[in-house]
Amino acid sequence: MGKMAIDRSQSTLVDAILQDEIARGNRALRSLAPVIAHLLDSDGPSLVSDAIVARLRGMLRHIADQLLASLPLDAKNALIQSQAQSKLIDHLRGDESLVDHLYSVVLEGVLTKQVQQRVGVDPILSPLMQELIASERPEIAEVAMMALAAQSRFCQGQERMELPLGELPSQLLWRVLTHFEATELALHPEGVAGAVQTIKRDFDEAQSRIGLFARLASSMQGGAIAALDIGHAGLALFASATASLTRQEREHVVFACHEGQTFRLVLILIAAGLNINAIEGQLALLGGTRALPSGFETISQAHSQELLRTLTGPEGELS
Amino acid sequence: MNRQQSIVAAHGLTDEHDRLIRADEPLAELQEACGGSLPGALAVPELLELVQQCRKLGLRIAREFSAFDGQDTVAGFVRIHPVDEGDEGGADALGGCAILIENWQSAGQANGNSLQGIEWLDASDRASAEITARLDARQKLQFITSVSADAQALVKAVELAPGKAWSEYVELAGITHEQPLHWRLLDGARARVPGSDRIWRVRLLPVGPASSAPRGFELLLITDQLLDEDAADGGGAEDTAPEHSRLIGSALTPVLRQPIARIIANAETVHARLAGPLRDEYSEYAANIAAAGHHLSGMLDDLADLEVVEAPGFTTTKERVDLVDVATRSAGILGVRAQSRDITVNIEELAEPIFANAEFRRVLQILINLIGNAIAYSPTGSDVYVKVSQETGDRATVTISDQGPGVSQDQAAKIFDKFERLGRDSDGGNDTGSGLGLFISRKLALAMGGNLEVLPSRSGDQLIGAEFKLSLPLHTAT
């Protein structure tokens, strides 16, 4: 009878493992069709590659590690920690808006590197950033200096496939913290609450890289149009200034810079006030291979703004 | 974080109910332009959304924001920090947020948005119009509706004599041209409605496909003044503004008056070195204390007055008031102040006295305020002129003119607003008013059936100064 009991406990353990694995397999099968469809559909370069997936995985892991590191754990809890890490990553991976954001971060890193290799734009210190650092207004120079430091940390972080929690937009950090609180960690809940408190206290969106570039773009006021040149401003400032001028999400602007999204970028840049020649210059910088069909020059700024609103608004594919 | 204070254009503080409890000038102005008050519920929708988000997340957030203040698009970069117990905000800011706005800029509506902006304005005017009417293509009135009590006389007048041009039913300010004018010239005009004390703004919105040849018009009459400011209050249910408790006048002023007077007296004793020899700078500090005390006590009086004037059912008595006599008394009371700045107050003599039907001490209060302002803003050694005259329409007027910097058109538009000081903080401390004087004076004048207005400066004239006109009902029966 004792033997039977052991057998049963073993079988429940196996059941649990099986359940986990089958569920994982189900998820993979469900998402297979859209991924394959995407790969088959795009005639240009694909939006996903092994490098991008690896970076996404690395950043998710880094986020989970930072959350766990904020807990009062010691070496004895190493087992709890590794179990907790995979649970937490499971939660985070399921959050679409987080994954979207991380994707745009990775894409920005990849594109920054491409632009550097293709046309030699310094990923950190672009000519416009140099001008801003030398600005006569000390407050602009200071923000520019801080943005520069943040950008250099970003490039390094991308190499290491890391993303500090402080670099997340406030809403996403909040979501991440909510996932953190919801994850069963076999720990005192007070420990988690305290850790969340500390992370919240240390966070300041205005000090994050994206926050700093947004402040920089805002402080340039009318001059922000000078940043609509990737070769002059660098991709980071370009994206922030374009987002600010067209009131688009910065993520969308970065997304539009992907080779396969030429038309989206054209539309955004017309809306921002660039003429078609300048836009073609930008496409060339990004390595666009498809020629623009004629007729684009007839789209007015107002019309493109309207199109952007309808095509990428709530009813569009990106929301 | 503390290193970039220089870039910050405005600070603000909200409490746990998203009420703005403290704000720097630009933010306070925006709040008022959006229809809010200080302290009061945060009225800028774009900021309110961010503040609510900040409270929900419990995180410091940073966003670009833009808002429309009725004329311009205001844009900036806003940082919002939750304030909790440990923070600098202290106990009074528990559960609220601190707002920091950087790169404040205000610009006219951008070209691309102008059409939308106009639509927005039209929509808000439609929503806030208290009198609406429909006109035909020749601006003849077809029908009129209003629920406002003071517009019923107009509605009656239209019922009795329908079908006339709309401008015949109301009195258009500053437009004496033969009516009807082209609608574009009348859109935005000011008008008086018979039976209403309020000033109305006219909107004429063309109806039909082509605005060059409209089929008809929507006529909107809009006013910023509440019909009965106090009775109508309480609409903002969450606002816990006390309902005319007379807190300042009946409770605070009597208690504070004596200590403040003692502070002033002691500071002046020290300043005059009556208590013994003293170094110059300490004597000056004492003078500053005395000046601040004077300001405080003046402010207290003004606030008490404001409370009285704004209380529901505030009335004035009617008596026969000799205007030249009041003006002479006011000038006499301000004589020392005028002398100290070497300013002469000239009161024009009259052959026959002119009597107004008003309350003596209120008229005195108004004239002291006006002549006091004239003295404060005139250059030393100049003249202030006071002229009493009689106008058609049974009105007696007192005109006070000075040789100071004058009042620009922009300033004239808001000079009578509550707490409006027209940037006079910066003139070296000449003026330490509360920004309530003119507001109270105007309220008093209106309560007595008169008016107080600032006259447009006469450019080309040698003496370009400010000119204020107090008009009161004439005392006719003798």
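Naming convention: chains lettered A, B, ... in sequence-line order (proteins, then strands); numbering from 1 in each chain.
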- Looking at residues at least two apart in the chain, or sitting in another chain, which of them share a side-chain contact (heavy atoms from CB on, under 4.5 Å) with B:A292?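 By the side-chain contact (heavy atoms from CB on, under 4.5 Å) rule, B:A292 matches no residue at all.
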- Message: Tell me every residue that passes side-chain contact (heavy atoms from CB on, under 4.5 Å) with A:A206, counting only those two or more places apart in sequence or in another chain.
- Response: A:D204, A:R215, B:A62, B:R79
- Message: So, using ring-ring contact (aromatic ring centres under 6.0 Å, His included) as the criterion, who are the partners of B:F77 when residues are at least two apart?
- Response: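 With neighbours one apart ignored, the set is empty.
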Would one find more than 12 heavy atoms of other residues, nucleotides or ligands at under 6.0 Å from atom [atom1] of [X]?
| X | atom1 | result |
| --- | --- | --- |
| B:E49 | CD | no |
| A:E96 | CD | no |
| A:E249 | CD | no |

- Message: Any carboxylate oxygen within less than 4.0 angstrom of a Lys/Arg side-chain nitrogen, looking at A:E205 and B:R63?
- Response: yes
- For chain B, which residues from residues 170-180 of chain A lie under 4.5 Å away (heavy-atom distances)?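 Listed by number, the contacting residues are A:S170, A:Q171, A:L173, A:W174.
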- Message: So, taking the atom named OG in A:S244 and the one named CD in B:E64, what distance separates them when rounded to the nearest 0.5 Å?
- Response: 3.5 Å
- Message: Please check this pair: side chain of A:K200 against backbone of B:R60, looking for a donor-acceptor N/O pair closer than 3.5 Å.
- Response: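 Absent.
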